[in-house]
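The next block holds one structure in the form of structure tokens; read it before the comments.
Each ligand, and each atom within it, is numbered from 1 in the order the structure gives.
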Amino acid sequence: MTPPRAALRALGYAALRVAGAALAGALLGLLAGHPWLGIAAVLAAYLAVQLVMLYRLEWWLQHRSVADPPEAHGVWGTVIALIARLHRRKRFHKLRFVQLMRQLQQSTAALPNGVVILNDEREIVWFNRMAGQLLGLRPNIDLGLRIENLVREPQFAHYLEKADYTNPVVVRRSSPSEIFLSLQLVAYGDGQQLLLAADVSRQMRLEAVRRDFVANASHELRSPLTVIAGYLETLAHDPALAAEFAAPIGEMRRQAERMTAIVRDLLELSRLEQTDERAGGTPLDVGGMLALLRKDVLARAQHPREVRVRAESAATLIGRESEIHSAFANLVDNAAKYTPAEGAIEMRWWVDSEGGHFAVSDTGIGIAAEHLPRLTERFYRVDPGRSRATGGSGLGLAIVKHVLQRHGGSLEVRSAPGEGSTFTCHFPPERIRPAASVVVAPRTENA
Ligand code: ADP
């Protein structure tokens, strides 16, 4: 970079001034008979002036925030003006930065949610007031500590372990008073993370009230329904019943059966929701279970002609038997319900590096793509009339989803109208145990 012209000019003038002063000194010295002495005296005076300027500049630099810059001309004037300009610019940027920081701090402090900034080691770098309140973090003292050492709830530890932060996790804190917190990690920058915390106690309490209400209502409905269904059964088999009542009584029995199925499924759902989030369990012989499910399908008054079982692995699944059976039975029951008599159903169990998988495929009516994301919602039916006619409660897939969630699994649905459906339950590898000792040959059963 070339020096600016003004600076070069100032330097040129300064050199001229030195030369002029030396000349004047030489002339004065000549008059006194000592030209060198004259030059030396004038240059010494010049040097003294420069030293004074240097001293004033140094003093001003030390006190520049309170003092005005010294008056100077020539090179000194240019240098001081440049320094003053740099100083002003720096002060402007600093002020803007401080203002920005203050605004940022004020806005995050005013947030109704907690925010914690974590570094790549998950150590706390900063947190707002709400995070302090919700998570019990102490200002200054807890900075630099790892978040998992301060938020020690098992659900949070599990969330961190899973390393899938797409959805928040709800944790229950019991001290100082019971609150429910929704916690979510958001990655940003170079490995840093934001931990967002919100108090969801109100929603959780409302949810608990709703759950209790559904459970109590279903429970209360069960006994009167049993009585009604019992009397209808007796009436239906009464030889003295007038012929014209046979059809209405038959319809009433079907509706009572539907209501019983709904109440049963509602109770099952409430039970699943009320117990522990994670189900433990025992090793289950999936192959054996599938063989029994096949028998159940064949025992139905109407069933698809072909019902195949392909148990490709003898590995067991760790789970709660009643829940797993209920989930698998719901899927198989749907396949049987929505597949015509000339169609086929196949149940398959296999294990690979990603875990265990149970799939039910059918050649039935299939489901249009727009319905797939909503299938596991309670009471969601593609064709309500058809579902009711088949005695469906509309809760089967909601139960399946819940059971799988409690076993760390997930449900995958592939279907196309007229081409049949495949519902696959995926279980993580930690839920799979290799077969005890003897390797059982893969079992295939055909109807
Ligand atoms: P339902 O008791 O009505 O069968 P589910 O929750 O088990 O309720 O299923 C929800 C809806 O998904 C059903 O009403 C039906 O429309 C659709 N469905 C489920 N399984 C199948 C299948 N194998 N083939 C076609 N449609 C299905």
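- A donor-acceptor pair is defined here as one N or O able to donate and one able to accept, closer than 3.5 Å; such a pair exists between the side chain of Thr363 and the backbone of Ala344.
- A donor and an acceptor atom, one from each side chain of Gln62 and Glu58, are located under 3.5 Å apart.
- With hydrogens and angles ignored, the 3.5 Å screen pairs a side-chain donor or acceptor of Asp362 with a backbone N or O of Ser421.
- Contact annotation for Thr339 and ligand 1: no heavy atom of the residue comes within less than 4.0 Å of the ligand.
- Between Val382 and ligand 1, a contact under 3.5 Å exists for at least one N or O pair.
- For Leu375, the heavy-atom gap to ligand 1 drops under 4.0 angstrom.
- Here Tyr159 and Tyr165 bring their ring centres to under 6.0 angstrom of each other.
- For Arg56, there are no salt bridge (Lys or Arg N to Asp or Glu O under 4.0 Å) partners, not counting sequence neighbours.
- Side chains of Gln255 and Glu251: a donor on one and an acceptor on the other come within 3.5 Å.
- Between Pro429 and Ser353 the shortest heavy-atom distance is CG-O, 3.7 Å.
- Taken to the nearest 0.5 Å, the OG1 atom of Thr260 stands 9.0 Å off from the CD1 atom of Ile262.
- For ligand 1, the atoms closer than 4.0 angstrom to any heavy atom of Tyr380 are 10 (C), 11 (C).
- The protein non-hydrogen atom at the shortest distance from atom 3 (O) of ligand 1 is Ser387 OG, 2.5 Å.
- At a cut-off of 3.5 Å, with distance as the only test, no side-chain donor of His426 or Glu354 sits close to an acceptor on the other residue.
- Among Ile367, Asp362, Ile365, Thr422, the residue whose heavy atom lies closest to atom 23 (N) of ligand 1 is Asp362.
- Distances between N or O atoms of Gly394 and those of ligand 1 include at least one value under 3.5 Å.
- Ranking protein heavy atoms by distance to atom 19 (C) of ligand 1, first place goes to Asn334 ND2, 3.5 Å.
- Listed by number with element, the atoms of ligand 1 under 4.0 Å from a non-hydrogen atom of Ser393 are 2 (O).
- Between Gly396 and ligand 1, at least one N/O pair is under 3.5 Å apart.
- Residue contact check for ligand 1: Ser421 places a non-hydrogen atom closer than 4.0 Å to it.
- Every residue two or more places apart in sequence or in another chain that forms a salt bridge (Lys or Arg N to Asp or Glu O under 4.0 Å) with Asp142 is listed here: Arg138.
- For atom 21 (C) of ligand 1, the closest heavy atom belonging to the protein is Tyr338 CD1, 3.5 Å.
- Near Arg381, meaning under 4.0 Å from one of its heavy atoms, ligand 1 places the atoms 3 (O), 14 (O).
- For Leu397, heavy-atom contacts with ligand 1 shorter than 4.0 Å involve the backbone as well as the side chain.
- Less than 4.0 angstrom separates some heavy atom of Lys337 from each of these atoms of ligand 1: 1 (P), 2 (O), 4 (O).
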